[in-house]
Amino acid sequence: MIPIVTPDEMAAIDAAAPEPVEVLIERAGTALARTALGMLGGGYGRRVTVLAGKGNNGADGRAAAQWLRRRGVRVALIDASDTPESLPPAHLSIDAAYGTGLRRPYVPPPPASVPDAPQRAAPILAADIPSGVNGLTGEILGEPWIADQTVAFGALKPGLVLHPGAQHCGQVTVAPIGLDTSSARTHLMTAHDVSCWLPVRPTEAHKWQTACWVIAGSPGMTGAAHLAAAAAMRSGSGYVRLSTPGLDAAEVLAGGTAPTEAVGHPLPADNWADAIEADEQSRFKAMVVGPGLGRQSTTVQSVRELVGRTPLPLVIDGDGLFALGLEAERVLADRTAPTVLTPHDGEYRILTGEAPNPDRFAAARSLAAVTGVHVLLKGPTTVVADPEGTAVAVANGDARLATAGTGDVLAGLICGLLSAGVEPMKAAASAAWLHGQAATIRPSGGMAASDLLLALPQAWEAATQQKAAP
């Protein structure tokens, strides 16, 4: 996994480095210059404009300027505190004006134009983070340039992976400059990580070893239940029982969208938690509750009773989160089995009474600490946090996931992985990665949530190939 550290954490890491700051600046400048040379396709005859501030970020830019000059590049070095209204023509602009410490709006001049094509703006390379992007939250301060590439030094910063800042960074690479980032509590998950976490069925496996129970849907609203059940089957569950309170076994599977392989099981419309016997649950390895259940008072009470009673690893999604509401801490207090909450921003407000903090890592950590369970906070970048403060970012999805039903698929994916024995942090993060990967496999337009189900095997294969790669 790729470490992510806050600006304050990076300052402490810098201060603890055994080498003097001048050595670190030279390494950062060299890494920046090498990336610039690659973007230029060579040095001689090329022009680069470097916008450099007074701090270490500016020093990195000045070091890069010296390195490029030695390679034959014509460099215009401009002080960010005294920037002209227009920049000289260049084949590349390097943004080293301000780093992660900027706290005020920043409005640079328009990017330099390409010398032989003045109607076209030169590509932009950012040093550590585009100036004007909040390094902690990804919030935009002013009107920063949108970089084509960003070279982060030592580790990623939250603003590089959280939106809207991530949209200003272009392709991000991390340049190791000799800093010890082993203390990082936050990481960006990669495909290789997923490949190491996905379960492998043993030769002697049978379906009940990875059975899960999906309690979802309501009369006339069974789509969410069917999506969650199908996703669980595609992420490790060998057997899926599907129950919709108020429907008999045949009605649960009616409508043509239920997975053929799921087994319907009746539950009464009211007080259905009382109808789930302990010995029945003993055959299952995980459970998901909430998608499409509805928000009636009797449903709220049954969800709370189930959460308090079931010994199974549990995913609580959708209307299940509504049922917990501001009582989440109390209802979850006695749970000992792994539990994953999957709120989007609106559901986070239902659980806490307020919107997530712009620092979404802190927001997910806070809810996980208060409730004592794992939290998957949905968004353009998904954040998974555990009660101890470890957090993982998943950033491979895109806007194709912003359609009804995709959250139900994600809930089922997590449950399937839990049923296969994957630890809750790894199950939630891997499910989010598979979810995002499945979306990117589909066409850029016209995708529906059920399309993800068709792409999940391919997404799974894409991860396992990472493990097989040398």
Asks: Hey, what do you get for OG1 (Thr30) to CG (Asp60), rounding to the nearest 0.5 Å?
Replies: 10.0 Å
Asks: Got a donor-acceptor contact below 3.5 angstrom from the His163 side chain to the Ala166 backbone?
Replies: no
Asks: Between His168 and Pro130, what is the shortest heavy-atom contact and its length?
Replies: O-CG, 3.3 Å
Asks: Quick one: does Ser131's side chain have a donor or acceptor within less than 3.5 Å of a partner on Tyr98's backbone?
Replies: yes
Asks: Using a 4.5 Å cut-off on heavy atoms from C-beta on, say whether the side chain of Leu367 contacts that of Pro343.
Replies: yes
Asks: Looking at Glu327, I want to see if its CD is surrounded by more than 12 non-hydrogen atoms of other residues, nucleotides or ligands under 6.0 Å.
Replies: yes
Asks: Return yes when atom CZ of Arg442 has more than 12 non-hydrogen atoms of other residues, nucleotides or ligands closer than 6.0 Å, and no otherwise.
Replies: yes
Asks: Using a 3.5 Å distance criterion without hydrogens, assess whether the side chain of Asn357 forms a donor-acceptor pair with backbone atoms of Arg360.
Replies: no
Asks: With heavy-atom distances below 4.5 Å as the criterion, would you say the side chains of Leu77 and Arg69 are in contact?
Replies: yes
Asks: For residues 372-384, which side-chain N or O atoms pair as donor and acceptor with protein atoms under 3.5 Å away, sequence neighbours left out?
Replies:
{"from": "Lys378", "atom 1": "NZ", "to": "Asp317", "atom 2": "OD1", "distance (Å)": "3.3"}
{"from": "Lys378", "atom 1": "NZ", "to": "Thr342", "atom 2": "O", "distance (Å)": "3.4"}
{"from": "Thr381", "atom 1": "OG1", "to": "Val161", "atom 2": "O", "distance (Å)": "2.4"}

Asks: Can you name the closest pair of heavy atoms from Ala432 and Val394 and give their distance?
Replies: C-CG1, 3.9 Å
Asks: Can you tell me if Thr150 uses its side chain to pair, donor with acceptor, with the backbone of Cys169 under 3.5 Å?
Replies: yes
Asks: Answer whether the closest heavy-atom distance between the side chains of Val48 and Ile94 falls below 4.5 Å.
Replies: yes
Asks: Atom CD1 in Ile25, atom CG in Leu32: separation rounded to 0.5 Å?
Replies: 12.5 Å
Asks: For Leu341 and Leu324, what are the C-alpha separation, side-chain angles and deciding distance, and is it a side chain to side chain contact (heavy atoms under 4.5 Å, CB included)?
Replies: CA-CA 10 Å; Leu341 309 182; Leu324 297 183; 3.9 Å; yes
Asks: Minimum heavy-atom separation for Ile78 and Pro88, please, with both atom names.
Replies: CD1-CD, 3.7 Å
Asks: Do you know the tightest heavy-atom contact between Leu417 and Ala431?
Replies: CD1-N, 3.7 Å
Asks: Measuring from atom CH2 of Trp197 to atom CE of Met425, what distance do you get when rounded to the nearest 0.5 angstrom?
Replies: 8.0 Å
Asks: Quick check: does any side chain N or O of His435 sit under 3.5 Å from a backbone N or O of Thr406, one acting as donor and the other as acceptor?
Replies: yes
Asks: So do Thr35 and Gln171 actually touch side chain to side chain, heavy atoms under 4.5 Å?
Replies: no
Asks: Run the numbers on Thr310 and Gln281 for side chain to side chain donor-acceptor pair (under 3.5 Å), then give the verdict.
Replies: CA-CA 8 Å; Thr310 183; Gln281 296 182 64; 2.5 Å; yes
Asks: Report the residues that fulfil side-chain contact (heavy atoms from CB on, under 4.5 Å) with Arg185, sequence neighbours left out, ordered by chain and then residue number.
Replies: Arg365
Asks: Could you list the residues that satisfy ring-ring contact (aromatic ring centres under 6.0 Å, His included) with Phe284, not counting sequence neighbours?
Replies: Trp208, Trp213
Asks: In this structure, are over 12 heavy atoms from other groups packed under 6.0 Å from Arg70 atom CZ?
Replies: yes
Asks: Take Leu37 and Trp67 through the side chain to side chain contact (heavy atoms under 4.5 Å, CB included) test and state the conclusion after the steps.
Replies: CA-CA 10 Å; Leu37 202 62; Trp67 194 98; 4.0 Å; yes
Asks: Checking Glu9 against Ser183: is there a side-chain donor and acceptor pair closer than 3.5 Å?
Replies: no
Asks: Have Asp8 and Thr6 got a donor and an acceptor in their side chains that come within less than 3.5 Å?
Replies: no
Asks: Would you mind reporting whether Pro457 and Glu461 have side-chain heavy atoms less than 4.5 Å apart?
Replies: no
Asks: Closest heavy-atom contact between Pro158 and Phe361?
Replies: CB-CE1, 3.9 Å
Asks: Could you measure the distance from the CG atom of Asp95 to the CG atom of Asp128? Nearest 0.5 Å is fine.
Replies: 10.5 Å
Asks: Can you check whether Leu188's main-chain N or O pairs, donor with acceptor, with Thr190's side chain at less than 3.5 Å?
Replies: no
Asks: Evaluate the criterion side chain to side chain contact (heavy atoms under 4.5 Å, CB included) for residue pair Asn57 and Leu102; output intermediate values, then yes/no.
Replies: CA-CA 11 Å; Asn57 195 253; Leu102 185 66; over 6 Å; no
Asks: Given side chains that start at C-beta, do those of Leu87 and Pro110 come closer than 4.5 Å, heavy atoms only?
Replies: no
Asks: Show, in sequence, the C-alpha distance, side-chain angles and deciding distance for Arg400 and Asp451, and conclude whether the side chain to side chain contact (heavy atoms under 4.5 Å, CB included) test is met.
Replies: CA-CA 11 Å; Arg400 276 170 281 199; Asp451 295 333; over 6 Å; no
Asks: Indicate yes or no for a side-chain donor-acceptor contact from Arg283 to the backbone of Ala211 under 3.5 Å, with no hydrogens or angles considered.
Replies: no
Asks: Quick one: does any side-chain atom of Lys426 pair with a main-chain N or O of Pro424 as donor and acceptor, under 3.5 Å?
Replies: no
Asks: Where do Thr137 and Leu162 come nearest, in terms of heavy atoms and distance?
Replies: O-CB, 3.6 Å
Asks: Please check if the side chain of Asn134 supplies one atom and the backbone of Glu139 the other of a donor-acceptor pair under 3.5 Å.
Replies: no
Asks: Side chains of His187 and Thr390: does their closest heavy-atom pair fall under 4.5 Å?
Replies: no
Asks: I need the Leu314 CG to Cys212 SG distance, nearest 0.5 Å.
Replies: 11.5 Å
Asks: Hey, could you give me the CD1/CD distance between Ile441 and Gln458, rounded to the nearest 0.5 Å?
Replies: 4.0 Å
Asks: Any donor and acceptor pair, going by atom type alone, linking the side chain of Tyr348 with main-chain N or O of Ala363 inside 3.5 Å?
Replies: yes
Asks: State, yes or no, whether a side-chain contact exists between Leu351 and Leu321 at a heavy-atom distance under 4.5 Å.
Replies: yes
